[in-house]
Structures are given as C-alpha cells and as structure tokens.
There are 2 protein chains.
Amino acid sequence: MTAQRRVVAEVLDGEHVHLTADEVHARAVAKLPEISRATVYNTLGELVTLGEVLEVATDKRAKRYDPNAHQPHHHLVCARCGAIRDVHPTGNPLSDLPDSERFGFTVSDVEVTYRGVCPNCAAA
Amino acid sequence: MTAQRRVVAEVLDGEHVHLTADEVHARAVAKLPEISRATVYNTLGELVTLGEVLEVATDKRAKRYDPNAHQPHHHLVCARCGAIRDVHPTGNPLSDLPDSERFGFTVSDVEVTYRGVCPNCAAA
DNA sequence: GCTCGACTTGGATGAAGTCCAATATCTGGT
DNA sequence: ACCAGATATTGGACTTCATCCAAGTCGAGC
C-alpha cells in the first residue's frame, strides 16, 4: 500500500459518484501533485480485479469507475447530460433469460442500464 | 442515396452480426475500394439517427453497429472472446424499476447486457 | 454547359487508454 | 544498517477509435 494507491482509494471513497479515469487523476493530483496518469490507471485496474471497484461503460466515451461494488445495483443514465444514478430494480433479470436463449453460454452476470431524461434536463 | 451509402447499407444488411465501424469500412472497401473511413462514419451516424441501426457499446473498445433495430432485443456477450448474440428475455425490466427508484427521470429505454463465457471459450 | 448545394475524401487532430524503459522505493535477510 | 531482489512509479511515446475540416467531386435543375 503506497501513498499513490491510498490517494486513489480515497478519491473513490470520498465521492459516491461515477468518475472517469481522468477525473480520478485530477482529484488525485490535488492531493498528491506528482502522481502520474499511468499509476492511476494501474491502481484502478488493480481495484477492479480485486473487485473493490466496478467499471461501467454507460456511454461510449470514457470508462467510469463505481466504488459501490459490494452492493449489487444497476444504473440510470440521463441521455442529455450523462448524469448517472444507482438504482435497485426488483426482480432478477438472470431468471428472465430462458435456457433456450443462452446458446450454451455460462451466464454469470447481467448489467442493466436504464436511459431517460433527468429532472434538470427536462426542465431546461 | 449515393453509391457509398448503398454499400454501407448492404454491408449491414447482408450480415446479421455486430460489426465495428472499422469492420464495416473493411467490407465496404471490398465492394467500393475508394470509400473513405469518414464516409462510413458519416453514414453510420445517419443510419443511427434514422433509427435503422443501433449502436451497442458492450465492451469499452470500438462501438458496434446492430442492424436489427426494429425488433427489441438484448445482448449476451462472451467475456473472453467478445462474441455477441441477440437474446430475448421474458419480462420487461422497465416494470421492475419502481417510481421511488426513478429520481424524477423520464425513463424511456433499458439495455440489458448478459455476460458469460461462450461454449467455444469454455471448451478451450 | 453552368451553378449551387450536397456528398466524399484523406489527412490532421483529439480523446482515452496502454506500454515501456528508466528510476525510485520498499522488504527481508544478514 | 546495508544489500539485493522485487515491486511500484514515472513520463513520454504509442495505439486505437473517432471526429473534424478544407478541398475536391458529383449531380440535379436551369
């Protein structure tokens, strides 16, 4: 556990939002000016493989990192401004996929992304 | 309707797969050697806004283009090789999102991505 | 045939991410 | 405390995917 990794962990911990790698880097630099982008990417990658952080690719721009890895949840994304909220739908979509639709795959995970317009953008 | 656009449409129509923009370009070049990447991107963008083709961002690499835009469906992705199948789960995930979890959003769409390992990769 | 507008081209540019060699730091063993 | 090996970090080059733009081309209507 080095200073750099601690800083990255703190950035993700302190903010319950979905930051891009560059945003993580920007906030990490604020706390530890000499930290490099490569280290941020390395550390984020390690956190992902450790299961402490989730990668989400809700738009096709930058990946975002979700520190809320321990509670299963899905995402609700504003189509206009890109805002992301965690949501907890009822039901389990895994049980909605019959064997006949699995094509022999071993299905282990499911991601659900709801899309819509947030109240702010609807008002504007 | 120019020759270039017809070629792009043919590429997507002839293949019921999920091609990246570069793959579309490669196949378009096979039919019309002087077509440029920019035109492929332009045409794909137009087809997307016309609703004839869907963009899917199942991995964080290149966007893929799905010509099966008129029948609602979701995707099953192999975590190892990236293979994509269209699937049709039962149930409607939209009805699984209670009002209390919508945060005032006007929710209009939902994407479901199942992840697993395909038979080929499981055998290897 | 000419003109105007739309389409296409290829190359430059940008954004996001990865890679790598050199450097720094940490750890355990003596 | 010192050394050696292992591990981590750095910064910059590089890759990939995508977009932008100025210049050139094409075609329909006059």
Side-chain angles (χ1 to χ4, degrees), chain A residues 1-12 17-50 52-67 75 77 79-82 84 113, chain B residues 1-12 17-50 52-67 75 77 79-82 84 113:
Chain A
M1 178 59 62
T2 66
Q4 286 82 354
R5 295 184 186 192
R6 197 175 321 110
V7 166
V8 171
E10 280 173 19
V11 166
L12 287 171
V17 294
H18 304 79
L19 298 170
T20 64
D22 268 1
E23 287 164 353
V24 172
H25 179 232
R27 298 186 187 213
V29 165
K31 300 184 178 217
L32 187 69
E34 70 273 25
I35 195 170
S36 78
R37 242 162 15 93
T39 298
V40 171
Y41 277 105
N42 286 344
T43 307
L44 286 174
E46 285 162 24
L47 290 171
V48 168
T49 56
L50 287 174
E52 295 296 318
V53 166
L54 293 178
E55 268 182 13
V56 298
T58 52
D59 60 9
K60 23 273 159 187
R61 313 279 303 176
K63 294 180 210 172
R64 292 176 177 276
Y65 292 88
D66 184 344
H75 293 112
V77 181
R80 301 239 182 104
C81 69
I84 303 177
T113 304
Chain B
M1 177 58 63
T2 65
Q4 287 82 354
R5 295 185 187 193
R6 196 176 322 111
V7 166
V8 171
E10 280 173 19
V11 166
L12 287 171
V17 293
H18 304 79
L19 299 170
T20 65
D22 268 1
E23 287 164 352
V24 172
H25 178 231
R27 298 186 188 211
V29 165
K31 300 183 179 218
L32 187 69
E34 69 273 26
I35 195 170
S36 79
R37 245 165 4 98
T39 298
V40 171
Y41 277 104
N42 287 344
T43 307
L44 287 173
E46 285 162 24
L47 289 171
V48 168
T49 57
L50 287 173
E52 295 295 318
V53 167
L54 293 178
E55 269 181 12
V56 297
T58 51
D59 58 11
K60 20 275 161 187
R61 312 278 303 174
K63 294 180 209 170
R64 293 176 177 275
Y65 292 88
D66 184 344
H75 293 113
V77 180
R80 303 241 181 102
C81 69
I84 304 177
T113 304

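Per chain, numbering begins at 1; letters A, B, ... match sequence-line order.
Listed nucleotides C/dA15, D/dC17, D/dA8 differ in distance to A/Arg61; the shortest reach to its side chain belongs to C/dA15. The nucleotide whose nearest atom lies closest to any side-chain atom of A/Asn42 is, among C/dG17, D/dG11, D/dT9, D/dT9.
Summarising the geometry, the separation between CG on B/Leu32 and C1' on D/dC26 is reported as 14 Å, rounded to the nearest angstrom. The CD-P distance, from B/Glu34 to C/dC7, rounds to 18 Å in whole Å. For the pair B/Glu23 CD and D/dA18 C1', the interatomic distance rounds to 15 Å; values are reported in whole Å. Rounded to whole Å, the distance from CZ on A/Arg5 to C1' on D/dT7 is 8 Å. Distance, A/Ile35 CD1 to D/dG12 C1': 17 Å, rounded to whole Å. One interatomic measurement links the two molecules: CZ of B/Arg6 to P of D/dC26, which rounds to 15 Å at whole-angstrom precision. If you measure from atom NE2 of A/His25 to atom P of C/dT18, you get 15 Å, rounded to the nearest angstrom.
Residues A/Asp22 and A/Arg37 have side chains in contact (heavy-atom distance under 4.5 Å, counting atoms from C-beta outward).
At C/dT25, none of the side-chain N or O atoms of A/Gln4 fall inside 4.0 Å of OP1 or OP2 (strictly under the cut-off). Contact check, B/Thr39 against C/dT9: a side-chain N or O comes under 4.0 Å of OP1 or OP2. Taking side-chain N and O atoms only, A/Lys63 has no distance below 4.0 Å to OP1 or OP2 of C/dA15. Between A/Tyr41 and C/dG17 there is a side-chain polar atom (N or O) within less than 4.0 angstrom of OP1 or OP2. In this model, the phosphate group of C/dT8 is approached by a side-chain N or O of B/Thr2 to a distance below 4.0 Å at OP1 or OP2. Note on A/Arg37: every side-chain N or O is 4.0 Å or more away from OP1 and OP2 of D/dT10.
The residue A/Ala62 sits close only to the backbone: its heavy atoms come under 4.0 Å of sugar-phosphate atoms, none of a base.
For the atom pair OG1 (A/Thr43) and NE2 (A/His25), the distance works out to 11.0 Å, reported to the nearest 0.5 Å. The CD atom of B/Glu52 sits 10.5 Å away from atom CG of B/Leu12, with the distance rounded to the nearest 0.5 Å.
Here the options are B/Val56, B/Leu44, B/Thr20, B/Leu47, the test is side chain to side chain contact (heavy atoms under 4.5 Å, CB included), and the partner is B/Tyr65; only B/Leu44 passes.
Between B/Arg64 and B/His18, the shortest heavy-atom distance links the atoms NH1-O, 2.7 Å.
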